[in-house]
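Below is one structure, written out as structure tokens; comments come after it.
Residue numbers count from 1 along this sequence. Both backbone and side-chain heavy atoms feed into the values below; hydrogens, waters and symmetry mates do not. Keep in mind that this is a model prediction, so the values were computed, not measured.
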Amino acid sequence: MNDTKNIFGCFVSATQPYPDASQEEKDLALEQGRVFRSYIWRDNGICDTLKKLKHEDYGKDLKLVLFQFYVNPLPFQMQNLKAIESYRKREKSIGIPIIINVENFFSKSDRERYGFLTQSVMQMLDLLTEVVKKKKLDTKVEVLKSDLQQIIM
């Protein structure tokens, strides 16, 4: 893990279609991956916004919450994704997968896309709350949720 002070991080995995897919399907997958990444990493992208919150403000047991965005995952990939990953004690981190597809993102307007991203991130903090309670971490999730809501909404 790097030495960043941000409590949130973002990861994007844009799935390529099966090798026997048409060139049109492959091109569409590349374009959708490019489009989605722009919502995460462009100026004022969601990852930029999330970087405003620092882990030391919320406790010592959790240093990184990694939002893992999976763009158009294949069925076998979706079967292996958990709602939230296990807490990694050594890294003091946890991964939270979020599925991105045509129905919930690409068929929406720009405003609806941002709405989906912010709503998804906020909902995932409810899952994080459960893990923090179960593992008895010192993380102040309610304060984190409140601070996040102020900067993201």
Side-chain angles (χ1 to χ4, degrees), residues 1-19 21 23-59 61-78 80-88 90-129 131-132 139-141 143-153:
M1 189 171 97
N2 61 23
D3 291 327
T4 184
K5 298 216 181 265
N6 307 328
I7 192 164
F8 292 118
C10 296
F11 165 82
V12 175
S13 173
T15 305
Q16 294 301 307
Y18 290 108
Q23 188 60 45
E24 185 177 308
E25 289 174 300
K26 291 176 183 177
D27 292 344
L28 178 62
L30 284 171
E31 178 61 16
Q32 287 179 336
R34 186 192 64 72
V35 166
F36 183 74
R37 283 181 182 97
S38 73
Y39 281 84
I40 301 302
W41 287 304
R42 71 178 172 202
D43 290 341
N44 296 322
I46 195 163
C47 199
D48 243 12
T49 302
L50 295 174
K51 286 181 179 179
K52 295 175 183 173
L53 302 176
K54 307 301 179 198
H55 66 80
E56 64 263 8
D57 296 335
Y58 304 100
D61 288 339
L62 189 61
K63 288 189 174 184
L64 178 65
V65 176
L66 183 64
F67 291 108
Q68 302 164 325
F69 297 99
Y70 292 93
V71 180
N72 296 320
L74 298 173
F76 78 89
Q77 291 171 312
M78 285 187 53
N80 295 318
L81 292 177
K82 299 176 183 177
I84 189 167
E85 292 184 354
S86 299
Y87 171 68
R88 295 178 199 90
R90 195 175 79 196
E91 292 98 5
K92 297 183 177 185
S93 66
I94 193 163
I96 303 177
I98 298 175
I99 305 297
I100 305 298
N101 57 35
V102 172
E103 293 82 30
N104 65 19
F105 189 81
F106 295 108
S107 64
K108 309 291 184 191
S109 70
D110 186 60
R111 176 183 232 164
E112 291 170 321
R113 288 174 177 180
Y114 275 111
F116 169 76
L117 288 173
T118 57
Q119 180 183 5
S120 296
V121 165
M122 292 303 297
Q123 285 176 345
M124 293 302 157
L125 287 188
D126 292 335
L127 294 175
L128 180 64
T129 301
V131 172
V132 165
T139 307
K140 301 174 206 155
V141 181
V143 176
L144 178 61
K145 286 167 66 172
S146 174
D147 290 352
L148 180 59
Q149 193 163 12
Q150 287 179 4
I151 65 167
I152 208 169
M153 297 295 191

Does a side-chain heavy-atom distance below 4.5 Å link Leu81 with Gln68?
no
Euclidean distance, Tyr114 OH relative to Ser109 OG, rounded to 0.5 Å:
11.5 Å
Can you tell me if Glu56 has over 12 outside heavy atoms packed within less than 6.0 Å of its CD?
yes
Cation-aromatic face contact Arg34/Phe36, 6.0 Å, 45 degrees:
no
Determine whether Val35 and Glu31 make a side-chain contact, defined as any pair of heavy atoms from C-beta on separated by less than 4.5 Å.
yes
For Gln149 and Met122, work out which heavy atoms get closest and say how close.
CB-CE, 3.8 Å
Cationic N near anionic O, under 4.0 Å, Asp57 to Lys140:
no
Rounded at 0.5 Å granularity, tell me how far NZ in Lys92 sits from CD1 in Ile7.
12.0 Å
Smallest heavy-atom separation, Glu91 atom then Lys63 atom, equals O-CB, 4.4 Å
If we count only N and O atoms by modelled type, under 3.5 Å, do the side chains of Tyr58 and Asp147 hold a donor and an acceptor together?
yes
Donor-acceptor check, side chain of Asn104 to backbone of Phe116, threshold 3.5 angstrom: yes or no?
no
Under 3.5 Å donor-acceptor, Asn80 side chain and Gln77 backbone
no
How many angstroms lie between atom CG of Leu62 and atom CG of Leu144, to the nearest 0.5 angstrom?
8.0 Å
Nearest 0.5 Å please: distance from the CD1 atom of Ile100 over to the OH atom of Tyr70.
12.0 Å
Does Gln16 reach the side chain of Leu30, with side-chain heavy atoms less than 4.5 Å apart?
yes
Considering all heavy atoms of both residues, which atom of Met124 and which atom of Ala83 are nearest to each other, and what is their separation?
SD-O, 4.4 Å
Considering all heavy atoms, the nearest Asn101-Asn72 contact
CA-OD1, 3.4 Å
Examine distances only and state if a side-chain atom of Tyr87 and a backbone atom of Asp61 form a donor-acceptor pair shorter than 3.5 Å.
yes
Atom pair CG/CZ of Leu64 and Arg88 - distance to nearest 0.5 Å
8.5 Å
Identify the heavy atoms of Lys145 and Asp126 that sit nearest to each other, and give their distance.
NZ-OD1, 2.7 Å
Taking Thr139 for its side chain and Gly59 for its backbone only, find out whether a donor-acceptor pair lies under 3.5 Å.
no
Looking only at non-hydrogen atoms, find the nearest pair between Cys10 and Cys47 and report the distance.
SG-SG, 3.3 Å
Separation between CD1 (Ile46) and CZ (Phe8), nearest 0.5 Å, reads 10.0 Å
Is there a donor-acceptor contact under 3.5 Å from the side chain of Lys51 to the main chain of Lys5?
no
State, with a plain yes or no, whether a side-chain heavy atom of Ile99 is found less than 4.5 Å away from one of Pro73.
yes
